[in-house]
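Note sheet for the following structure.
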Amino acid sequence: MGAASSGARGPGGPAASGTGADPDPAAPTAPVHGGGSRPRGRPVSPRPRADCTADRAGGLTFDVRLADQRAEEVRDAALLLRRRGGDDEHGDTVRLPLTPVAAEGPLRAALPSTMSLPEGRWDASLLLGEAEPRRLLPGVHDLRSLVDRTPRSGRTWLGVRIPYATKYGNLTVRSWLRWPHAEAGELRVEDDGMELSGRLYGARLSPTARLEAHPRCARAAADGDVVAVPLASAQERGQEDGQGHEDADGAAFTAALPYAPLTRHPVWDLWLRPSAEACAVRIARILDDVPDKKRIFTYPPRDVTVTDGADGTDGAGEPRTYALRPYYTLDNDLAVRAVASVAVPEEGEEAV
């Protein structure tokens with residue numbers, strides 16, 4: 001068989017909130033009539049930039065560089081993080097004090113790893129005294145500590161924060177807040193399915209652990225239409241340790257998911273259930289420095305033909321072909337999409 005490689009709680013528990021697309025609210029303003037020049041007498045100072053440095057614990061340091069002021073001259077400065085779609089009454093604004101690093105240096109603010117930042121996209125702005133907040137531009141980011149990050153053992157939650165530039169060139173921080181966490185690793189696309197490897201942090205894997213695919217359709221999910229497959233044993237994975245062993249690097253898991261049962265619905269979200277009695281954990285890929293996996297990790301589609309109404313349609317006995325492809329959502333969660341192929345009528349046949 002040909003193969004291609006890539007390098008929250010679930011049903012029964014509180015799910016991580018989705019954030020959807022990335023429509024940066026601070027879009028460029030419309031040009032001024034008459035050639036696009038600004039009115040005279042109203043000069044606009046250059047927008048400030050912020051350099052970001054991440055540490056392995058999940059904290060971020062912001063160094064804000066001012067183009068028209070000395071850091072030592074600034075009073076009552078703060079970096080504001082505002083969650084998209086939120087409001088101030090529900091803690092959706094975080095104020096981080098800015099202090100001068102040196103007379104000629106930047107203003108520095110810290111977002112410590114011990115501060116819980118709910119899931120979402122947090123737009124970064126600079127607040128100086130009573131002035132209106134100004135959106136920050138991204139500067140130089142040092143995110144090397146996020147690559148192949150391993151959560152520390154003994155923790156009760158995992159916070160991941162990745163700063164990035166929006167499509168309009170503004171600075172935003174993508175945040176995840178999960179525990180336990182199932183980190184997706186190598187994904188191999190086979191002719192009739194996919195094989196996924198990964199690691200589970202914050203829970204142990206039992207002999208009843210399984211990989212589950214849940215239809216995104218609310219009605220199908222309510223009916224309990226779940227595709228579940230057992231995890232591969234340690235011997236099948238070529239390892240000597242037990243399947244449920246959890247060390248500093250988490251508990252490794254591997255599972256093969258067939259495509260044919262996934263033709264019943266167009267989109268399936270993938271979960272890992274550590275045991276028959278445990279809540280399912282959403283499978284995602286967030287332990288690195290890539291904020292948007294959907295555009296980076298792409299996988300080839302595979303055609304699957306089913307008959308006898310195996311896809312849930314009324315056309316029993318009629319073969320139907322679907323193209324199935326795993327992908328990462330805008331929240332970096334792992335999912336599978338099934339698209340029905342449109343039959344092309346042969347010459348002489350009437351198209352319906």
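Cluster membership for Met115 and Val173, using ILVMFWY side-chain heavy atoms within less than 4.5 angstrom, is shared.
Classification of Glu190 and Arg188 as a salt-bridged pair holds, one side-chain N sitting under 4.0 Å from a carboxylate O. The residues Arg49 and Asp51 are annotated as not salt-bridged, no charged nitrogen and carboxylate oxygen being separated by less than 4.0 angstrom.
A donor-acceptor contact under 3.5 angstrom links the side chains of Thr305 and Thr321, judged on distance only. For the residue pair Tyr322/Arg320, the side-chain donor-acceptor check at 3.5 Å is satisfied.
Ring-plane geometry between Tyr328 and Tyr299 is classed as tilted, the angle between the planes lying from 30 to 60 degrees on a 0 to 90 degree scale.
Within the 4.5 Å cutoff, the side chain of Leu257 has no heavy atoms near those of the Pro326 side chain. Proximity of Tyr164 to Arg121: side-chain heavy atoms (C-beta onward) are separated by under 4.5 Å at one or more points. Using a 4.5 Å heavy-atom cutoff, the side chains of Val336 and Leu270 are in contact. Side-chain atoms of Arg216 and Thr329, non-hydrogen and from C-beta on, do get closer than 4.5 Å to each other.
A salt bridge (Lys or Arg N to Asp or Glu O under 4.0 Å) with Asp331 is found for exactly one of Lys294, Arg174, Arg282, namely Arg174.
Judged by distance alone, the side chain of Trp176 and the main-chain N or O of Ile286 form no donor-acceptor pair under 3.5 Å. Here the side chain of Arg273 pairs a donor or acceptor atom with the backbone of Ala278 at under 3.5 angstrom. Judged by distance alone, with hydrogens and angles left aside, the side-chain atoms of Arg82 form no donor-acceptor pair with the main-chain N or O of Asp92 at under 3.5 Å.
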Give the C-alpha distance, both sets of side-chain angles, the deciding distance and a yes or no for side-chain hydrogen bond (donor to acceptor under 3.5 Å, both in side chains) between Thr254 and Ser197. CA-CA 4 Å; Thr254 299; Ser197 296; 3.0 Å; yes

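Between Pro48 and Leu66 the shortest heavy-atom distance is CB-CD2, 4.1 Å. The nearest pair of heavy atoms linking Trp157 to Trp179 is CA-CB, 3.5 Å.
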